[in-house]
Amino acid sequence: MLEVTLPDGSSRTLPEGASAADLAAEIGPGLAKAAVAARVRRPARDTEGTAAPDSDGEAAVVDLSRPLRGGDEVAILTRRDAEALDVLRHSAAHLMADAILRLFPQAQLTIGPVVEDGFYYDIHLPEGALTPDDFPAIEAEMGRIAGRAHPFERCEVRERDADEAFARYRAIDGGHNRFKAELVGEIEGRGEGLTLYRHGDFVDLCRGPHVPHTGWLKHTRLTSVSGAYWRADAERERLVRVYGTAFFSKADLEEHLRRIEEARKRDHRVLGERLDLFHFEEDAPGFPFFHPRGNVLFTLLIDSMRRLLGRRGYHELRTPVILSESLWHTSGHYENYLENMFFTKLKLRDEGDSGAVRDNVDEQRPLAVKPMNCPGHLLVYRSRARSHNDLPLRFSEMGLVHRRELSGVRHGLFRVQAFTQDDAHHFCTPEQIGGEIGLLIEFFREVYALFELDDVRVELSTRPEKSIGSDAIWERAEASLESALEESGIEYQLNPGDGAFYGPKIDFHIRDALKRSWQCGTIQLDFSMPERFGLHYIGADGQRHTPVMIHRACYGSVERFMGILIEHFAARFPLWLAPVQVLVIPVSAKHVEYARSVHEKLLDAELRAEVNLKDDRVGYKIREASLQKIPYAAVVGGREAEAGTLNVRSRDAGELGEMTARDFLERIAEERSPGL
RNA sequence: GCUGGCGUAGCUCAAUCGGUAGAGCAGCUGACUUGUAAUCAGCAGGUUGGAGGUUCGAGUCCCCUCGCCAGCUCCA
């Protein structure tokens, strides 16, 4: 007999060799039916017997069929547990792989992990292609396999060559799958045991766990297909990545698909065009054209940031967009950032040859377009002597930078080739680092809260392969950031090797409507650049010292941040951000004069108001205002002209009724102010 | 940059086997004089992304190129 502990602290006694499924049945038939998998924590005392759960002392999710041991702490997982959904989706990946192999016998499987909203499987197709057109056939095949309710069986491979399951596994996709062979080699290299999972005729290398049988996998859907590379290496074999998702119930699946559909409607590229905020041209790839309404939003973002910066003692600069190439050698950008930079090229008319144009003329001082603002700020710092009394010195700039991007990575306003950074550089003494970074973390949190952004992820990125500065400097810088993060008490993830070439950074990532994560804010600590540019300050000791530099941007890119806000609000901006705040609508042509006077009154009150004088029905104009997501419509007709009022309709609250312009302005006063 | 997909009117989309490029919305003009999410009628709108090729004939087939979309890689 063995005794196990349940999550509520009670214990159960089971016959020797009993599984988690037996435990569930022992607790009750309802649980037995609802059980998906089990979470087992095994005390780290004995080392004999069956190997898994894999790491002793740590809780691991395992198959229901796995035998338990005395002393195990066991939780039966049902569809209500988050881990259960991952188990389901991973099982669905096996199901999909099975179906694909049936329809594409030449396919070779590689890896098939669970991702945030589902799963994918990377598949090598030596010839032919797999497109969404194949989805119905694959899904139908998956449905058939699910209908058979094949149990998922776990097989531990002891003697590879003698093992029947392993032989079947090797045969499953032709017997010469070099990808799986590579994985097997790695697992054995680590001294771990191989495990296989089988359902029906299908066997796959897998750590598990899985749902009890394929009957659980009835609510699956393939979502997309794209390219990928084996080991994410473009030099290696190209793979087809087939994405899918799975849920425990039809309702959950439908709800998920509906949410994706909703998210697509928030796409800033679509809304940007429909609300006339900006557009792109084929002749200017990745360079947005902001229209009047988009420009209002853009300017509001910049003005708000200026106010916040001013309050914190920043001094705003304006530095050149083009600087000499040699400067970028000094800064290290030429060495480390060349591929992302635009360089100027001269052309000259050849007077001897009837005005023919010579390309790429060499220049005495070749020029480059700035991809970052830091060198300019270093030059301003260096333009006069600085004292320790000046520090910390905070220079800001709404700097327009240009960066060449590989084709294929551009993405609306999120990834452009020219953008405006709400950039700033703090110059300070080493002792001031902690204080400056603490201030910045607080500052950024305040800004994101102002825009009602709550899903902000923080990362600490460390030294990349291409970088400048000594190991000692990097260690010091990384340690400084880490302690500042600990000090502030915010949660963060480590992102090794993703720092800037001149220093480690704290990044703030925000998600778009489709949950793709984009870096916005960044705080970068730099001990190298001030030295390269020969910066110094006179300390209290009368000696020269090199200052430390902190690069920082809160929006990151005003363009990207604007895109994030469009998706976050689905373009239903709060009043203070709305490009057009009120639309005045005369009921008929007879009321044009009065509509004009109301419009002027609202403009005088510095409201962003427009008036629709077209000869359309009121209903039509209301519809237009609504589609343009304008917060207020002010309808005026005979009654209002008589009484000197306006009839207000709110985008969010419907009709508010008749009121004077003064009452209306009073009513929206608070909404209009950004709370800065 | 890589893999796959897609480019037809301002927008959303049609066009059968390679055989006269079309509709709705938007735009313009006119009529209606309108009371809270689409009034009616008419007009105009195109080098089918660009450049080559095959063909009697190309939106459609082939090659090149540019852009867009999804993902990979990279990044604010």
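Worth knowing before you read on, the calculation uses all heavy atoms, side chains too, and leaves out hydrogens, waters and symmetry mates. Naming convention: chains lettered A, B, ... in sequence-line order (proteins, then strands); numbering from 1 in each chain.
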Measuring to OP1 and OP2 of [N], would you say a side-chain N or O of [X] lies under 4.0 angstrom away?
| X | N | result |
| --- | --- | --- |
| A:K621 | B:rG35 | no |
| A:K505 | B:rA76 | yes |
| A:R274 | B:rU12 | no |
| A:R410 | B:rC68 | yes |
| A:R516 | B:rG71 | yes |
| A:Y620 | B:rA26 | yes |

What nucleotide, of [options], holds the atom closest to the side chain of [X]?
| X | options | value |
| --- | --- | --- |
| A:D498 | B:rC72, B:rC75, B:rG67 | B:rC75 |
| A:E273 | B:rU36, B:rC11, B:rU39 | B:rC11 |
| A:V635 | B:rG1, B:rG35, B:rA76 | B:rG35 |
| A:R415 | B:rC72, B:rG1, B:rC74 | B:rC74 |
| A:R649 | B:rC68, B:rA37, B:rA76 | B:rA37 |
| A:Q519 | B:rU33, B:rA37, B:rA76 | B:rA76 |
| A:F419 | B:rC72, B:rA76, B:rA38 | B:rA76 |
| A:R639 | B:rU36, B:rG67, B:rG35 | B:rG35 |
| A:I622 | B:rA76, B:rA70, B:rA37 | B:rA37 |

Taking [M] as the reference, what is the distance to [N] when you measure between their [atom1] atoms (whole Å, please)?
| N | M | atom1 | answer |
| --- | --- | --- | --- |
| B:rA58 | B:rG1 | C1' | 33 Å |
| B:rU54 | B:rA15 | P | 29 Å |
| B:rU60 | B:rA21 | P | 13 Å |
| B:rG49 | B:rA31 | C1' | 40 Å |
| B:rG46 | B:rA23 | P | 14 Å |
| B:rG52 | B:rC63 | C1' | 8 Å |
| B:rG67 | B:rG22 | P | 32 Å |
| B:rU47 | B:rC25 | P | 23 Å |

For [X] and [Y], which I'm curious about, is there any donor-acceptor pair between the side chains at under 3.5 Å?
| X | Y | result |
| --- | --- | --- |
| A:T522 | A:D507 | yes |
| A:Y337 | A:R403 | yes |
| A:H279 | A:E281 | yes |

>> Is the terminal nitrogen or CZ of A:R241 (NZ for Lys, CZ for Arg) located under 6.0 angstrom from the six-membered ring centre of A:Y120 and within 45° of that ring's axis?
In response: yes
> Do the numbers put A:R312 on top of the ring of A:F443, so that NZ or CZ is under 6.0 Å from the six-membered ring centre and no more than 45° off the axis?
Replying inline: yes
> Since syn is defined as within 90° of 0, does B:rC69 count as syn or as anti?
Replying inline: anti
>> Applying ring-ring contact (aromatic ring centres under 6.0 Å, His included) to A:H124 and A:F179, what does each step give before you reach the verdict?
In response: CA-CA 9 Å; A:H124 182 61; A:F179 309 101; 5.1 Å; yes
What does [X] touch in the nucleic acid at a heavy-atom separation under 4.0 angstrom: a base, only the sugar-phosphate, or nothing?
| X | value |
| --- | --- |
| A:V240 | nothing |
| A:A589 | base |
| A:V618 | sugar-phosphate |
| A:R269 | sugar-phosphate |
| A:S407 | base |
| A:N647 | base |
| A:R560 | base |

Using only modelled atom types and a 3.5 angstrom limit, is any donor from either the side chain of [X] or the base of [N] paired with an acceptor on the other?
| X | N | result |
| --- | --- | --- |
| A:Q417 | B:rA76 | no |
| A:E640 | B:rG35 | yes |
| A:R403 | B:rC74 | no |

> side-chain hydrogen bond (donor to acceptor under 3.5 Å, both in side chains) between A:D423 and A:H551: does it pass, once the steps are laid out?
Replying inline: CA-CA 8 Å; A:D423 207 358; A:H551 309 238; 6.0 Å; no
> Hey, is A:W518 doing a stacking thing with B:rA76, by the 5.5 Å centroid and 30° angle criteria?
Replying inline: no
